[in-house]
Amino acid sequence: MSRKTVTDIKDMKQKGQPIVMVTAYDYPLSRLAQEGGADILLVGDSLGNVVLGYEATTSVDMDDMVRACAAVCRAPGEAHIVCDMPFLSFQISPEEALRNAGRLIRKGGAQSVKMEGGKHLVPTVKKLVENGIPVMGHIGLTPQSVHQLGGYRVQGRSLAEAEELVEDALALQEAGIYSLVLEAVPWQLAQAITERLEIPTIGIGAGPRCDGQVLVIHDLIGLSFGKPAKFVKRYANVGEDIRQAVAAFGADIREGRYPEPAHQYNLSAETWAALQKALEEK
Ligand code: KIV
């Protein structure tokens with residue numbers, strides 16, 4: 001059983017097969033998402049908000065990503081595993097980006113890396129690709145730039161912004177990315193970009209015309225807090241299941257229903273009798 005490669009992912013666009021991507025940050029969700037048939041697992045820097053409790057992804061560092069990626073990769077399965085390059089791990093220079101991407105591959109076990117940003121990243125993408133590291137792009141709403149963007153808002157609504165995003169997509173493809181995440185952009189713009197690219201687009205809040213879709217797994221299973229974004233569709237209510245399970249566990253303990261005989265270990269009658277005797281003699 002081997003993992004899907006970047007060639008397999010690119011071929012899916014040519015064959016018209018929709019690409020299913022979800023995030024994963026640990027062994028159990030990696031394993032379950034692969035058993036559920038995900039084509040790609042993204043070890044997203046959304047780890048910061050979703051699992052580590054930070055306000056923004058800008059707090060996530062390389063050590064966080066390497067540890068999460070290694071856990072995700074330890075789960076068996078066939079999904080391609082792509083790991084996000086966290087804030088400031090690729091912006092300083094192409095050389096530093098190569099060093100950090102190499103760490104995600106070597107220590108994290110990722111097969112490819114993802115970077116947020118437009119055409120200014122062309123030299124960095126080329127550096128990684130020339131050195132054998134496949135890169136997934138990410139444009140539109142790029143959460144690492146939340147302070148620059150003035151909040152988590154839809155991108156590409158004006159003609160100028162939309163044209164700029166089309167240029168970014170083409171420049172990144174030319175630089176060698178193998179796929180492109182489009183986040184929070186109007187669906188018509190996502191369709192226009194998807195039609196102009198040979199590589200697959202993977203949308204999140206980018207409408208139905210992308211070559212694939214991605215969601216943060218905690219959003220889709222109902223394990224996140226606060227009001228979900230407009231594009232989130234919830235397929236389970238794991239958060240409520242956990243709340244009810246812990247409440248039931250607490251009630252059982254407080255009312256003497258747990259543990260039951262089935263949950264405990266026994267001494268043999270002989271050993272128990274001998275122990276009682278020995279204790280009495282002390
Ligand atoms: O980190 C993340 O979860 C992402 C997705 C939103 C695409 O980058």
Side-chain angles (χ1 to χ4, degrees), residues 9 18-26 29-30 33 38-62 64-69 71-72 79-91 100-101 104 108 110 112-118 121 134-146 149 151-156 165 168-169 172 177-185 190 193-194 199-207 210-221 223-226 228-234:
I9 303 301
I19 298 167
V20 178
M21 178 159 111
V22 293
T23 62
Y25 318 100
D26 58 22
L29 286 182
S30 168
D39 300 305
I40 307 181
L41 296 185
L42 166 64
V43 186
D45 62 354
S46 48
L47 164 79
N49 320 70
V50 173
V51 176
L52 301 179
Y54 292 131
E55 281 282 315
T57 57
T58 44
S59 300
V60 175
D61 66 17
M62 279 295 296
D64 295 327
M65 295 309 294
V66 169
R67 186 163 293 125
C69 191
V72 167
H80 180 86
I81 297 178
V82 54
C83 187
D84 249 333
M85 297 205 57
F87 183 56
L88 291 190
S89 70
F90 61 96
Q91 288 93 340
N100 284 322
L104 295 176
S112 63
V113 299
K114 176 165 85 57
M115 282 189 295
E116 292 183 8
L121 286 182
V135 179
M136 177 182 278
H138 180 162
I139 61 172
L141 172 55
T142 46
Q144 290 177 16
S145 309
V146 60
L149 298 173
Y152 297 98
R153 58 178 197 88
V154 178
Q155 301 295 303
L165 286 170
D168 283 340
L172 289 167
I177 59 167
Y178 73 92
S179 63
L180 180 64
V181 168
L182 300 175
E183 179 164 355
V185 295
I193 293 174
T194 302
I199 55 163
T201 58
I202 302 174
I204 174 162
C210 297
D211 299 302
Q213 299 290 331
V214 54
L215 280 180
V216 166
I217 195 155
H218 288 63
D219 287 341
L220 85 85
I221 65 173
L223 191 52
S224 49
F225 303 92
K230 176 184 170 125
F231 54 78
V232 169
K233 183 168 174 187
R234 204 158 253 192

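Indexing begins at 1, ligand by ligand and atom by atom, following the structure's order. All figures in this text were calculated on a predicted structure; none of them were measured in a lab.
- Within the listing of ligand 1, atoms 2 (C), 4 (C), 5 (C), 7 (C), 8 (O) sit less than 4.0 angstrom from a heavy atom of Leu42.
- Residue-ligand proximity, Lys114 to ligand 1, at heavy-atom distances under 4.0 Å covers atoms 4 (C), 8 (O).
- Under 4.0 Å from ligand 1, the heavy atoms of Asp84 that appear belong solely to its side chain.
- Taking 4.0 Å as the cut-off, Glu116 does not count as a neighbour of ligand 1 on heavy-atom distance.
- Of the protein's heavy atoms, Ser46 OG, 3.2 Å lies nearest to atom 2 (C) of ligand 1.
- The ligand atoms of ligand 1 that sit less than 4.0 angstrom from a heavy atom of Val216 are 3 (O).
- The line from CE of Met21 to CD1 of Ile204 is 8.0 Å long, rounded to the nearest 0.5 Å.
- Ligand-side atoms of ligand 1 in range of His138: 8 (O), range being under 4.0 angstrom from any heavy atom.
- Atom numbering of ligand 1 starts at 1 in the shown order; those under 4.0 Å from a heavy atom of Glu183 are 6 (C).
- Side-chain N/O atoms of Tyr25 and Ser46 include a donor and acceptor closer than 3.5 Å.
- In summary, the atoms of ligand 1 found under 4.0 Å from a heavy atom of Ile204, numbered by their order in the structure, are 6 (C).
- Each of the atoms 3 (O) of ligand 1 lies under 4.0 Å from some heavy atom of Thr23.
- When non-hydrogen atoms are compared, ligand 1 lies under 4.0 Å from neither the backbone nor the side chain of Thr57.
- The closest donor-acceptor contact from the side chain of Thr201 to the backbone of Leu180 lies at 3.5 Å or more, if one exists at all.
- Aromatic ring centres of Phe225 and His218 lie farther apart than the 6.0 Å criterion allows.
- Between the side chain of Thr23 and the backbone N or O of Ile217 there is at least one donor-acceptor pair closer than 3.5 Å.
- At a heavy-atom cutoff of 4.0 Å, ligand 1 is contacted by both the backbone and the side chain of Asp45.
- Side-chain contact between His80 and Asp39: absent, with no pair of heavy atoms (C-beta onward) separated by less than 4.5 Å.
- Side-chain contact annotation: Gln155 with Glu183, donor-acceptor N/O pair under 3.5 Å absent.
- Near Gly44, meaning under 4.0 Å from any of its heavy atoms, are these atoms of ligand 1: 1 (O), 2 (C).
- Interatomic distance, CD1 of Ile40 versus CD1 of Ile9, reported as 4.0 Å (0.5 Å rounding).
- Side-chain N or O atoms of Asp45 include none that pairs as donor or acceptor with a backbone N or O of Thr57 at under 3.5 Å.
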